[in-house]
Amino acid sequence: MAETAQVREVGPRDGIQMVKTILSAEQKLAWIRKEAAAGVRHFEATSFVPPHVIAQFADAAEVARGALAIEGIEAAVLVPNLKGAQRAFDAGVPKVNYVLSASEAHNMANVRRTTDESIADFRRIIAERNARGLKDRVKVNAAIATAFGCTIQGEVPEKRVVAIAETLAAAGADEISLADTVGYANPAQVRRLFAAVAEVAGGVPLAAHFHDTRGLGLANVSAAVDVGVRRFDASLAGLGGCPFAPGATGNINTEDCVFLLESLGFDTGIDIEKLIAVRAEVEAWLPGERFFGMVARAGLPKTFRRKAAA
Ligand code: COA
Ligand code: ZN
């Protein structure tokens with residue numbers, strides 16, 4: 001049996017934060033349903049941010065509830081603060097991805113508070129979940145944005161990222177994700193930082209969230225695999241980017257990421273050809289957006305064999 005690796009589709013969240021077209025809740029849910037039929041099991045379905053901050057997510061509660069009704073998938077949502085988490089708990093989601101930035105400057109731009117204030121909010125979210133009796137039913141994950149560098153402040157010290165990860169793990173994070181929000185990471189840095197964070201995370205699973213802004217996205221996936229990471233966020237067609245990080249562009253591409261992981265011998269459970277068909281449908285809904293990706297253009301090699309059948 002091949003070892004499994006998780007590829008989590010963040011297109012309906014990260015992927016559409018900056019696009020010009022506002023998709024309907026039904027389109028977002030159809031997107032998720034179609035990818036579920038291609039074998040994708042993990043999604044970041046929406047974002048509980050105020051509509052005045054990102055209009056695309058005015059329908060977050062509706063999308064979250066709709067995603068919960070889709071069989072066989074785990075639908076997570078992004079939250080930037082306690083209020084977002086409360087809305088997510090109200091909607092009944094099984095997994096909340098809380099985001100804060102290691103870069104003080106990006107945290108201020110993104111969520112209008114210091115990183116320490118965001119960490120305090122994280123503790124309140126864990127307390128609120130537990131007070132609601134949801135400890136065994138709702139996972140609260142923490143994503144550390146700009147973990148590899150920041151377009152506003154430049155360098156983000158690795159020691160600081162490790163210290164934040166250690167604090168979040170001790171505070172009860174169910175998973176810690178290191179995010180390269182602006183595409184600054186390189187494979188050596190990825191191996192070093194994930195290995196250092198693993199040492200302080202006390203067994204909390206680690207995940208990677210890479211953007212392909214400078215073409216190193218998949219090289220970084222490969223490097224993370226080398227140090228034991230098995231959970232990867234990716235976006236269909238490489239859509240995505242943070243509206244509050246200057247110069248941010250798309251996530252690593254889901255189709256290409258699945259191709260890489262399957263080629264390395266992992267079972268992702270995902271059918272790439274079906275994924276490419278979904279991509280063509282979503283493309284029609286997002287006129288004027290750039291759709292990235294190599295496998296969709298070139299097709300699978302004749303020598304390619306999925307690992308799932310094992
Ligand atoms: N969902 C809905 N409404 C929310 C909310 C949430 N998660 N958080 C705050 N609000 C509401 C408040 O109730 C308040 O409403 P009111 O004016 O009617 O009373 C208003 O928004 C302002 O609240 P405040 O706590 O002062 O927020 P803020 O203006 O300091 O903004 C964030 C803080 C975190 C809400 C905002 O910066 C944000 O949404 N950032 C996320 C950015 C993002 O999505 N980045 C990309 C993904 S990483
Ligand atoms: Zn992102």
Side-chain angles (χ1 to χ4, degrees), residues 2-19 31-32 34-44 148 177-187 189-191 194 207-227 229-242 248-284 286 289-308:
E3 190 187 343
T4 59
Q6 257 183 34
V7 177
R8 294 113 59 109
E9 178 58 67
V10 299
R13 197 280 297 172
D14 208 331
I16 55 174
Q17 287 182 158
M18 292 208 300
V19 300
W31 178 353
I32 294 170
K34 287 168 196 289
E35 282 205 36
V40 178
R41 289 287 159 263
H42 303 272
F43 292 84
E44 202 166 69
F148 300 89
S177 165
L178 300 184
D180 183 21
T181 311
V182 291
Y184 273 20
N186 67 65
Q189 187 187 14
V190 164
R191 276 189 285 268
F194 272 102
H209 178 101
F210 294 131
H211 283 255
D212 197 30
T213 313
R214 291 170 182 79
L216 296 189
L218 289 189
N220 291 334
V221 170
S222 184
V225 164
D226 289 347
V227 291
V229 178
R230 298 290 181 268
R231 304 176 179 200
F232 297 95
D233 290 350
S235 182
L236 191 72
L239 294 164
C242 174
T249 61
N251 291 81
I252 56 166
N253 173 296
T254 308
E255 312 89 270
D256 292 356
C257 182
V258 172
F259 176 59
L260 170 63
L261 290 169
E262 293 273 341
S263 300
L264 290 175
F266 291 96
D267 174 8
T268 64
I270 299 169
D271 182 324
I272 297 172
E273 272 154 345
K274 286 187 185 161
L275 209 51
I276 290 171
V278 182
R279 171 192 162 111
E281 293 186 64
V282 173
E283 196 161 11
L286 295 173
E289 303 301 336
R290 275 189 76 188
F291 273 50
F292 300 92
M294 308 304 270
V295 176
R297 206 168 307 148
L300 287 169
K302 284 186 175 155
T303 50
F304 178 75
R305 296 281 175 276
R306 267 182 80 190
K307 297 297 172 293

To check you understand the geometry: which heavy-atom pair defines the closest contact between [X] and [Y], and what is its length?
| X | Y | answer |
| --- | --- | --- |
| E255 | A296 | OE2-CB, 4.1 Å |
| G15 | S235 | CA-OG, 3.7 Å |
| V40 | E9 | CG1-CB, 4.0 Å |
| A224 | F232 | CB-CE2, 3.8 Å |
| L236 | L275 | CD1-O, 3.9 Å |
| V7 | A234 | CG1-CB, 4.1 Å |

Worksheet item: Does a side-chain heavy-atom distance below 4.5 Å link R230 with E3?
Response: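 Touching, per the 4.5 Å side-chain cut-off.
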
Under 3.5 Å: donor-acceptor pair, side chain of [X], backbone of [Y]:
| X | Y | value |
| --- | --- | --- |
| N253 | F292 | yes |
| R306 | D267 | no |
| E262 | T268 | yes |
| H211 | G183 | no |
| Q17 | G241 | yes |
| E289 | E283 | no |
| D256 | M294 | yes |

Item to complete: Kindly indicate, with the supporting measurements, whether the criterion side chain to side chain contact (heavy atoms under 4.5 Å, CB included) is fulfilled by I16 and W31.
Response: CA-CA 12 Å; I16 55 174; W31 178 353; 3.7 Å; yes

Practice prompt. Check whether more than 12 heavy atoms from other residues, nucleotides or ligands sit under 6.0 Å from atom CZ of R214, and answer yes or no.
Written response: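 Enclosed.
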
Worksheet item: Do other residues, nucleotides or ligands put more than 12 heavy atoms under 6.0 Å from E273 CD?
Response: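 No, because the 6.0 Å sphere around CD of E273 holds 12 heavy atoms or fewer from other groups.
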
Fill in: Full working for side chain to side chain contact (heavy atoms under 4.5 Å, CB included) between H209 and N251
CA-CA 8 Å; H209 178 101; N251 291 81; 3.3 Å; yes

Discussion item. Among E35, R13, R8, which residue satisfies the side chain to side chain contact (heavy atoms under 4.5 Å, CB included) criterion with F43?
Written reply: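 Among the candidates, only E35 passes.
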
Practice prompt. Using side chain to side chain contact (heavy atoms under 4.5 Å, CB included) as the criterion, point out the one residue from V182, N186, T181, V190 that pairs with F148.
Written response: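 When V182, N186, T181, V190 are each tested with F148, the side chain to side chain contact (heavy atoms under 4.5 Å, CB included) holds only for V190.
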
Item to complete: Could you go through the side chain to side chain contact (heavy atoms under 4.5 Å, CB included) check for V225 and F266 one step at a time?
Response: CA-CA 10 Å; V225 164; F266 291 96; 3.7 Å; yes

Worksheet item: According to the side-chain hydrogen bond (donor to acceptor under 3.5 Å, both in side chains) rule, which pairs have a member within residues 291-303, sequence neighbours left out?
Response: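 Residue pairs passing side-chain hydrogen bond (donor to acceptor under 3.5 Å, both in side chains), neighbours aside: none found.
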
Worksheet item: Rounded to the nearest 0.5 Å, how far apart are CG of L239 and CG of D14?
Response: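 L239 atom CG to D14 atom CG measures 9.5 Å (nearest 0.5 Å).
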
Item to complete: Rounded to the nearest 0.5 Å, what's the gap from CD1 on I270 to OG1 on T254? Could you check?
Response: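 I270 atom CD1 to T254 atom OG1 measures 7.5 Å (nearest 0.5 Å).
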
Practice prompt. Would you please test L300 and I272 for side chain to side chain contact (heavy atoms under 4.5 Å, CB included) and show each step?
Written response: CA-CA 8 Å; L300 287 169; I272 297 172; 3.9 Å; yes

Could you pull out all donor-acceptor pairs under 3.5 Å where a side-chain atom in residues 215-223 meets a protein atom, sequence neighbours excluded?
from: N220; atom 1: ND2; to: A185; atom 2: O; distance (Å): 3.2
from: N220; atom 1: ND2; to: L216; atom 2: O; distance (Å): 3.1

Item to complete: Kindly assign one of parallel, tilted or perpendicular to the pair F194 and F210, based on the angle between their ring planes and the thresholds 30° and 60°.
Response: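 Aromatic pair F194/F210 classed perpendicular.
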
